[in-house]
K.L.:
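Provided herewith is a single structure, encoded as structure tokens, for subsequent inquiry.
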Number of protein chains: 2
Amino acid sequence: MRSPQQPVFKALADPTRRAILKRLQQGSETAGEIAAAFTISKPSLSHHFNILKAADLVRTERRGQHIVYSLNATVLQEALAMLLDFFPPGDSSQEHDGSKTG
Amino acid sequence: MRSPQQPVFKALADPTRRAILKRLQQGSETAGEIAAAFTISKPSLSHHFNILKAADLVRTERRGQHIVYSLNATVLQEALAMLLDFFPPGDSSQEHDGSKTG
DNA sequence: TATATATTTAGACAAATATCAAAATAAATG
DNA sequence: CATTTATTTTGATATTTGTCTAAATATATA
């Protein structure tokens, strides 16, 4: 059930990879479509894809000549859960109740 | 208002640093107390402290000879918010309604 | 099979990172 | 001021990371 989060946090540490995830959030795309949106070379992108796959943040499916990448929201949720875990239960330091008079 | 999240994600990418944050979540500690909990050298820890400070994930206060480190929950919340931002509004893919028949 | 398109792998390299030992800085105390 | 304790900075080094070009693999189609 548990997954080691280290690869996920490593994967999220790079801005290019976060941008890839952000794109995939809008919907699945082929490697080529993603590559067209970035200035770095396709092999470099492919390297980032590998890291995202290793972290299980993206899934792939071959469609003819193309490889379609899609977001695996579950793993992102888990990273989220781990960050949330930093906040003790019942911590309401960031809550507001709307009773502000102004 | 906005803060560049890159240093935060870089900071979170290292397991030692996440462990430090985890400790500080329990309460503030001096550099020495933290160092005692890890096997790596004090200079290495100090390096990690610098990265955490640069990301504004921790704050420091001198108390006599000691430097007290404490968690800055706000920045962690911001990283959290950015991750949450990956999920489109109204996405209920992980929600459950308890109507399972059992 | 040959050719074109899509993507990845291999190999190289520069930059960034994590680590350490030794030296430096800061504060308390004799 | 000299010494002790706490912490950081410096400088070196090995590893990891991000990037590239060139080559390889996979699929579609003539």
Side-chain angles (χ1 to χ4, degrees), chain A residues 4-24 26-72 75 79, chain B residues 4-24 26-72 75 79:
Chain A
Q5 260 109 355
Q6 179 59 11
V8 176
F9 282 102
K10 286 273 192 179
L12 291 174
D14 184 271
T16 299
R17 291 194 289 266
R18 289 200 304 278
I20 292 170
L21 293 175
K22 198 72 190 164
R23 285 186 71 86
L24 294 180
Q26 309 287 98
S28 300
E29 284 188 307
T30 68
E33 286 167 341
I34 297 170
F38 291 84
T39 53
I40 67 180
S41 71
K42 285 177 183 184
S44 294
L45 258 307
S46 201
H47 163 73
H48 288 304
F49 293 156
N50 281 335
I51 289 168
L52 291 170
K53 275 191 282 188
D56 201 24
L57 279 164
V58 302
R59 296 283 172 75
T60 62
E61 177 202 355
R62 177 172 282 278
R63 195 128 67 196
Q65 293 167 283
H66 301 265
I67 308 261
V68 180
Y69 281 84
S70 30
L71 192 66
N72 179 7
V75 170
Chain B
Q5 260 107 355
Q6 180 58 12
V8 176
F9 281 102
K10 285 276 191 178
L12 290 173
D14 185 272
T16 299
R17 290 193 290 264
R18 288 201 303 279
I20 292 170
L21 293 175
K22 199 71 189 164
R23 284 186 71 87
L24 293 182
Q26 309 288 100
S28 301
E29 284 188 307
T30 69
E33 285 167 344
I34 297 170
F38 292 84
T39 53
I40 67 180
S41 70
K42 285 177 184 185
S44 296
L45 258 309
S46 200
H47 162 73
H48 288 303
F49 294 155
N50 281 335
I51 290 168
L52 290 170
K53 274 190 282 187
D56 201 24
L57 279 163
V58 302
R59 298 283 172 77
T60 61
E61 178 203 354
R62 178 171 279 278
R63 195 127 67 198
Q65 292 167 283
H66 302 265
I67 308 261
V68 180
Y69 281 85
S70 30
L71 192 64
N72 178 9
V75 170

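Each chain gets a letter, A, B and so on, in the order its sequence line appears, and its residues count up from 1.
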K.L.:
Where along residues 49-64 of chain B does a heavy atom fall under 4.0 Å from DNA chain D?
P.N.:
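Here the set is Phe49(B), Asn50(B).
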K.L.:
Going by atom type alone, with no hydrogens or angles, which donor-acceptor pairs under 3.5 Å involve a side-chain atom of residues 35-43 of chain B and a protein atom two or more places apart or on another chain?
P.N.:
unit_1, atom_1, unit_2, atom_2, d
Ser41(B), OG, Ser44(B), N, 3.3
Ser41(B), OG, Ser44(B), OG, 3.0

K.L.:
Measuring to OP1 and OP2 of dT17(D), would you say a side-chain N or O of His48(A) lies under 4.0 angstrom away?
P.N.:
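It does not, given that no N or O in the side chain of His48(A) lies less than 4.0 Å from OP1 or OP2 of dT17(D).
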K.L.:
Quick one: side chain to side chain donor-acceptor pair (under 3.5 Å) partners of His47(A), sequence neighbours excluded?
P.N.:
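Scan of His47(A) (side chain to side chain donor-acceptor pair (under 3.5 Å), adjacent residues dropped) gives none.
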K.L.:
I need the single residue from Val75(A), Leu24(A), Leu71(A) that forms a side-chain contact (heavy atoms from CB on, under 4.5 Å) with Leu57(A). Which is it?
P.N.:
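Testing each of Val75(A), Leu24(A), Leu71(A) against Leu57(A), the sole residue satisfying side-chain contact (heavy atoms from CB on, under 4.5 Å) is Val75(A).
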K.L.:
What integer distance in Å separates Gln6(A):CD from dT16(D):P?
P.N.:
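In whole Å, dT16(D) P lies 12 Å from Gln6(A) CD.
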K.L.:
Any salt bridge (Lys or Arg N to Asp or Glu O under 4.0 Å) involving residues 27-39 of chain B? Give me the pairs, sequence neighbours left out, ordered by first then second residue.
P.N.:
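Salt bridge (Lys or Arg N to Asp or Glu O under 4.0 Å) check on residues 27-39 of chain B returns Arg23(B)-Glu29(B).
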K.L.:
So if I take the C1' atoms of five pairs at each end of the helix from dT1(C)-dA30(D) to dG30(C)-dC1(D) and get each local axis, what angle do the two axes make, rounded to 10 degrees?
P.N.:
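Axis angle across the helix from dT1(C)-dA30(D) to dG30(C)-dC1(D), nearest 10°: 10°.
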K.L.:
How close do Val8(A) and Ala55(A) get, counting heavy atoms only, and between which atoms?
P.N.:
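Distance-wise, the nearest heavy atoms are CG2-O, 3.7 Å.
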K.L.:
Can you list the residues that meet the ring pair (Phe, Tyr, Trp, His ring centres under 6.0 Å) rule with Phe9(B), with sequence neighbours excluded?
P.N.:
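Per chain and number, Phe9(B) pairs via ring pair (Phe, Tyr, Trp, His ring centres under 6.0 Å) with no residue.
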K.L.:
Identify the two heavy atoms, one from Ala13(B) and one from Lys10(A), that lie closest to each other, and give their separation to 0.1 Å.
P.N.:
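So the minimum-distance heavy-atom pair works out to O-CE, 3.9 Å.
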K.L.:
Take atom CG of Leu45(B) and atom P of dT9(D), then tell me their distance rounded to the nearest Å.
P.N.:
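After rounding, the reported distance stands at 14 Å.
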K.L.:
Check whether Arg17(B) reaches the backbone of Leu12(B) with its side chain - one donor and one acceptor, N or O, closer than 3.5 Å.
P.N.:
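Between the backbone of Leu12(B) and the side chain of Arg17(B) there is no qualifying donor-acceptor contact (under 3.5 Å).
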K.L.:
Are Ile67(B) and Phe49(B) side-chain neighbours, meaning at least one heavy-atom pair lies under 4.5 Å?
P.N.:
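No, every pair of side-chain atoms sits at 4.5 Å or beyond.
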K.L.:
Answer with base, sugar-phosphate or nothing: what part of the nucleic acid does His47(B) contact at a heavy-atom distance below 4.0 Å?
P.N.:
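Base contact.
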K.L.:
Heavy atoms within less than 4.0 Å of DNA chain C: which residues of residues 27-43 of chain B have one? Give them sorted by number.
P.N.:
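Contacting residues: Ile40(B), Ser41(B), Pro43(B).
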K.L.:
Nearest 0.5 Å, what's the NE2-CG distance between His48(A) and Asp14(A)?
P.N.:
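If I round to the nearest 0.5 Å, the distance is 4.5 Å.
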K.L.:
Nearest-Å distance, NE2 (His66(B)) to P (dT5(D))?
P.N.:
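It works out to 12 Å between those atoms.
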K.L.:
Would you compute the distance between atom NZ of Lys22(B) and atom OG1 of Thr16(B) and round it to the nearest 0.5 angstrom?
P.N.:
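Between Lys22(B) NZ and Thr16(B) OG1, I get 15.5 Å after rounding to 0.5 Å.
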K.L.:
Do any pairs count as a side-chain hydrogen bond (donor to acceptor under 3.5 Å, both in side chains) and have a residue in residues 54-68 of chain B, sequence neighbours left out, and if so which ones?
P.N.:
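Checked against side-chain hydrogen bond (donor to acceptor under 3.5 Å, both in side chains) - neighbours excluded - the pairs reaching residues 54-68 of chain B are Asp56(B)-Arg59(B), Asp56(B)-Asn72(B).
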K.L.:
Under 4.0 Å from a heavy atom of chain A: give me the 5'-most and 3'-most nucleotides of DNA chain C that qualify.
P.N.:
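The footprint of chain A covers dT5(C) to dT9(C).
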K.L.:
Enumerate all atom pairs, one protein N or O and one N or O from nucleotides 2-4 of chain D, separated by less than 3.5 Å.
P.N.:
none

